[in-house]
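Take a look at the structure below.
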Protein chains: 2
Amino acid sequence: MPPIDDRTAGTAPGRFAYDGLERVFHEKARLGIMTSLVSRPRGIAFAELKELCHLTDGNLSRHLQVLHDSGFVEIEKGLHRNRPLTVCRITDDGRKRFLDYINVLESVVRDALKAARVEPTSPAIAEGWSPA
Amino acid sequence: MPPIDDRTAGTAPGRFAYDGLERVFHEKARLGIMTSLVSRPRGIAFAELKELCHLTDGNLSRHLQVLHDSGFVEIEKGLHRNRPLTVCRITDDGRKRFLDYINVLESVVRDALKAARVEPTSPAIAEGWSPA
DNA sequence: TCACCCAACTTTACAACGTAAAGCCAGAAA
DNA sequence: TTTCTGGCTTTACGTTGTAAAGTTGGGTGA
């Protein structure tokens with residue numbers, strides 16, 4: 001791998017494309033759901049997850065369906081004191097992929113914080129242009 | 001502020017709601033655009049921004065419009081060598097709000113990485129349930 | 001000078017998505 | 001046996017992201 005030239009690294013094509021940002025995870029609600037689930041590998045009941053993420057029933061249901069269809073979450077329907085109880089658990093693949101996603105997020109944060117430190121003498125555009 | 005109890009902090013309602021995640025920024029393409037712009041306070045030409053973020057013309061145009069309507073980006077149309085040249089610049093408010101957003105993102109990353117370290121003996125759900 | 005091309009965007013059309021509201025079902029209560 | 005409630009699912013709809021088509025105007029070759 002060639003050494004990185006700091007003068008050009010920040011302007012390379014695709015520098016800020018963030019291809020790795022898996023769409024399924026990149027959603028406010030789903031971010032919360034996955035973070036909850038990753039912290040509780042044994043699973044979380046539907047109702048508790050709902051509270052943790054401040055979601056409505058329908059909303060959580062829909063997002064879980066999306067995550068399940070992608071294979072990142074497993075849903076176990078059972079009974080607790082003769083009442084339906086849905087337990088959601090992150091899958092191994094889900095955990096892996098989510099942490100990959102989090103790594104990309106980390107680089108976004110790093111890029112943005114680094115960018116925010118740039119002094120205002122950076123080049124804007126080529127010389128010789130004028131407003132219309 | 002009461003001291004945080006680690007045994008309950010992770011289960012408080014809304015713990016993973018991430019209300020602060022401004023929707024306008026929470027989009028793959030817009031994340032890249034804003035990070036680019038924050039690193040170049042004097043502005044970036046449309047064409048260069050397009051390359052930096054690997055976006056199509058129409059795509060970038062639409063996203064810029066959204067960011068402009070929210071007041072986070074200003075668009076200056078001018079001429080360069082007798083050709084139209086659009087320069088995009090982040091506004092003061094845009095910069096401020098984007099960095100706020102980035103702070104929330106940082107906490108998401110922190111939460112997720114912390115959660116991923118939890119040992120698999122954490123409580124799952126109440127005792128006494130059985131699969132259907 | 002006329003036709004054509006290309007650069008630099010903008011607009012349009014459509015499919016996918018997130019969400020609130022309505023619906024459903026089973027057990028408990030009255 | 002009707003009503004209520006917990007625990008989800010399904011539906012319907014407005015919003016969004018994106019690719020494709022459209023626009024405008026300066027160059028350029030014939």
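Note that this is a predicted model, so its numbers are computed, not measured.
- Across T91(A) and G94(A), no two heavy atoms sit closer than the pair OG1-N, 2.9 Å.
- K50(A) places its NZ atom 15 Å from the P atom of dT19(C), with the value rounded to the nearest Å.
- Listed for the R95(A) side chain is no donor-acceptor partner under 3.5 Å among the backbone atoms of L37(A).
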*Which nucleotides of nucleotides 6-19 of chain D have their base under 4.0 Å from a protein heavy atom (B), which only their sugar-phosphate (S), and which neither (-), written as one string 5' to 3'?*
SSBBB------SBS
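- The side-chain hydrogen bond (donor to acceptor under 3.5 Å, both in side chains) pairs that include a residue from residues 49-58 of chain B are K50(B)-D57(B), where partners are two or more places apart or lie in different chains.
- Rounded to whole Å, the distance from CG on L21(B) to C1' on dG18(C) is 15 Å.
- Screening L105(B), L113(B), D111(B) against V109(B) for a side chain to side chain contact (heavy atoms under 4.5 Å, CB included) leaves a single residue, L113(B).
- Below 30°, between 30° and 60°, or above 60°: for F98(A) and F25(A) the angle between ring planes is above 60°, a perpendicular geometry.
- Across the protein-nucleic acid pair, L31(A) atom CG and dG18(C) atom C1' stand 14 Å apart, rounded to whole Å.
- In this structure, L60(B) atom CG and dA20(D) atom C1' are separated by 16 Å, rounded to whole Å.
- Shown here is D69(B), whose CG atom has more than 12 heavy atoms of other residues, nucleotides or ligands within 6.0 Å.
- Following rounding to the nearest Å, L79(B) (CG) and dA8(C) (C1') show an atom-to-atom distance of 12 Å.
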